[in-house]
Protein chains: 2
Amino acid sequence: MDQPSLKAVLGQAQAFFSSKGLRFTKQREAVTTLIFRTQEHFRPEELCERLRKSDSSASRATIYRTILHLVESGMLREISLGGGERLYDPNFLKSPHHNHLVCVDCRKIVEFEDPNLDIMQNCITRRMGFSPTEKALRIEGRCDMLRLLGTCKNFNAAGKKGQRDKASKG
Amino acid sequence: MDQPSLKAVLGQAQAFFSSKGLRFTKQREAVTTLIFRTQEHFRPEELCERLRKSDSSASRATIYRTILHLVESGMLREISLGGGERLYDPNFLKSPHHNHLVCVDCRKIVEFEDPNLDIMQNCITRRMGFSPTEKALRIEGRCDMLRLLGTCKNFNAAGKKGQRDKASKG
DNA sequence: GGCAAAATGATATTGCGTCTCAATCTCGCG
DNA sequence: CGCGAGATTGAGACGCAATATCATTTTGCC
């Protein structure tokens, strides 16, 4: 699937909830919609704020609970940037094997796929006595090049500590 | 360097501090010693507790500050397991290129090195417009095999939230 | 000794996430 | 329709890690 429509995603969510004997309530639908409409990585608190600004609403507790459910359903995944930050990634539906490259300076995240890396990752995992999961791999780097090209404007939301004003422009 | 002696490590730390016009105080030495004596990954709060139990002492604030300094010096690195946990790794002095394999179930961490992976990692990093750093790469997996061998006893401390009682066995 | 800068530690504060629990909603049933 | 069980919600309390504040202490230096 290349770019599942929001409608399809909502259907999938609904199916998951009802398969668990849970209800796909107004609030859950609002949260799910918000998550999968923009398809951006997000922090839970961020999502709370976005939802507060929108017309629909749900309490923090409900938002957190819905996120957990969606993770359990496999539609959403937690990714970690380091720094103790918790991020969620709604893009595994469209590219189930992608990995993340994270800039150690500005926390920018780029997604990529690489079949060879997948193979090597599997080998290593097994070699060390682990079994591979569908879960992602994370590489850290520095997005200098991107920055040179002036692409590093569109960060990953953040807006907190990741801000280094020294890196202005080329 | 294969296994730098504690004395050498302390010397290095001292050098770093004085190069910055900072003092290598009793407290900082105590913290540094505690970190590099066992060479285990640790959580800051864990370290506080360990230090409290020892004969020497330092306040939480000082411990956190010292950790930051050591990270800045390059002697210590932050690694992330996901789940919003922040861990520090004192082992980059002896193996500067190692990576981490993390069990998604029990949070066990295994260190490994793989030159081929390093190469591929560099390629990908550059391809995506990033420049490689000395920083590590993290792979997630499931330590079933290890567990079969009964090796998974010696976790990585944890003992808190990682515990899913519902997911007992497959 | 005495000063200025650095360091410390007790405490307050923040941020994020979880838990609790009473009130509300929904569904199926008679 | 009215009922009851169970699911859901939301407000707020709570816990924990980490940071910030600031008065006090220590240190290096003259």
Side-chain angles (χ1 to χ4, degrees), chain A residues 13-14 16-32 41-52 56-72 76 78-88 107 157-163, chain B residues 13-14 16-32 41-52 54 56-72 76 78-88 107 157-166:
Chain A
Q14 175 148 36
F16 170 76
F17 278 102
S18 70
S19 81
K20 290 277 180 175
L22 304 173
R23 297 170 194 147
F24 195 54
T25 61
K26 237 176 174 36
Q27 289 91 336
R28 285 175 179 164
E29 182 177 340
V31 174
T32 307
H41 303 157
F42 65 90
R43 263 177 285 276
E45 292 294 321
E46 217 172 79
L47 194 67
C48 292
E49 182 142 2
R50 274 206 274 151
L51 194 63
R52 222 174 299 126
S56 34
S57 90
S59 69
R60 258 170 32 101
T62 297
I63 294 174
Y64 274 93
R65 282 185 290 234
T66 305
I67 289 176
L68 284 189
H69 283 130
L70 290 174
V71 168
E72 200 193 336
L76 190 60
E78 186 188 311
I79 59 178
S80 58
L81 276 73
E85 281 191 293
R86 199 174 300 194
L87 241 67
Y88 291 90
R107 293 278 161 85
K160 281 191 309 183
K161 39 199 165 184
Q163 266 30 344
Chain B
Q14 175 149 37
F16 169 77
F17 278 102
S18 69
S19 80
K20 289 278 182 178
L22 304 172
R23 300 168 193 149
F24 196 54
T25 61
K26 239 176 170 36
Q27 289 92 336
R28 284 174 180 166
E29 183 178 340
V31 174
T32 307
H41 302 158
F42 64 91
R43 265 176 283 274
E45 291 295 320
E46 216 172 80
L47 194 67
C48 293
E49 182 143 2
R50 274 206 275 150
L51 193 63
R52 222 175 297 127
S54 79
S56 33
S57 88
S59 70
R60 260 168 34 98
T62 298
I63 294 174
Y64 274 93
R65 281 184 291 232
T66 304
I67 289 175
L68 284 190
H69 283 130
L70 290 174
V71 168
E72 199 193 337
L76 190 62
E78 187 187 311
I79 59 178
S80 58
L81 276 74
E85 279 192 295
R86 199 175 299 195
L87 241 66
Y88 291 90
R107 294 279 161 84
K160 280 193 311 183
K161 41 197 163 184
Q163 265 36 337
R164 311 286 156 83
D165 35 8
K166 55 177 176 183

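So you know, we letter chains A, B, ... as the sequences are listed, proteins then strands, and number each from 1.
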For this session: Classify the angle between the aromatic ring planes of A/His69 and A/Phe17 as parallel (below 30°), tilted (30 to 60°) or perpendicular (above 60°).
Result: perpendicular
Exercise. Does A/Arg65 make a side-chain donor-acceptor contact with the base of D/dG10, cut-off 3.5 Å?
Worked result: yes
For this session: Between B/Ser57 and B/Gly21, name the one whose nearest nucleotide on DNA chain C is closer to the 5' end.
Result: B/Gly21
Exercise. How many Å lie between CD1 on A/Ile63 and C1' on C/dG17, as a whole number?
Worked result: 13 Å
Exercise. Any side-chain heavy atom of A/Thr25 within less than 4.5 Å of one from A/Thr62?
Worked result: no
For this session: Take A/Tyr88 and A/Leu70 through the side-chain contact (heavy atoms from CB on, under 4.5 Å) test and state the conclusion after the steps.
Result: CA-CA 10 Å; A/Tyr88 291 90; A/Leu70 290 174; over 6 Å; no
Problem set entry | Nucleotide of D/dA7, C/dG17, C/dA5 approaching A/Arg86 most closely (side-chain heavy atoms) | C/dG17
Exercise. Just to confirm, is there a sub-4.0 Å distance from OP1 or OP2 of C/dG9 to any side-chain nitrogen or oxygen of B/Thr62?
Worked result: yes
For this session: Mark yes or no for a side-chain to base donor-acceptor pair under 3.5 Å between A/Arg60 and C/dG17, with no hydrogen or angle criteria applied.
Result: yes
Exercise. Just how far, in rounded Å, is C1' of C/dA7 from CZ of B/Phe17?
Worked result: 11 Å
Exercise. Between B/Tyr64 (OH) and D/dT19 (C1'), how many Å, whole number?
Worked result: 9 Å
Exercise. Under 4.0 angstrom, heavy atoms only, what part of the nucleic acid is A/Arg28 near: base, sugar-phosphate, or nothing?
Worked result: sugar-phosphate
Exercise. Can any side-chain N or O of B/Arg86 pair as donor or acceptor with the backbone N or O of B/Glu78 at less than 3.5 Å?
Worked result: no
Seminar exercise, completed: Rounded to whole Å, the CD-P distance (B/Glu46 to D/dC16) equals 15 Å
Seminar exercise, completed: Per nearest nucleotide of DNA chain D, the residue lying toward the 5' end, B/Pro44 or A/Leu22, is A/Leu22
Exercise. Within this structure, what is the CZ-to-C1' distance between B/Phe24 and C/dT8, rounded to whole angstrom?
Worked result: 16 Å
Exercise. Of all the nucleotides listed (C/dT8, D/dA17, C/dG17), which has the minimum atom distance to the side chain of A/Glu45?
Worked result: C/dG17
For this session: Ignoring backbone atoms, establish whether A/Thr25 has a side-chain N or O less than 4.0 Å from OP1 or OP2 of D/dT9.
Result: yes
For this session: Answer yes or no: is there a side-chain heavy-atom contact under 4.5 Å between B/Arg60 and B/Glu45?
Result: yes
Seminar exercise, completed: Here the distance between atom C1' of C/dT8 and atom CD of B/Gln27, to the nearest Å, is 6 Å
For this session: Please state how far atom CZ in A/Phe42 lies from atom P in C/dC16, giving the value in whole angstrom units.
Result: 14 Å
Exercise. Nearest-Å distance, NZ (A/Lys26) to P (D/dT9)?
Worked result: 12 Å
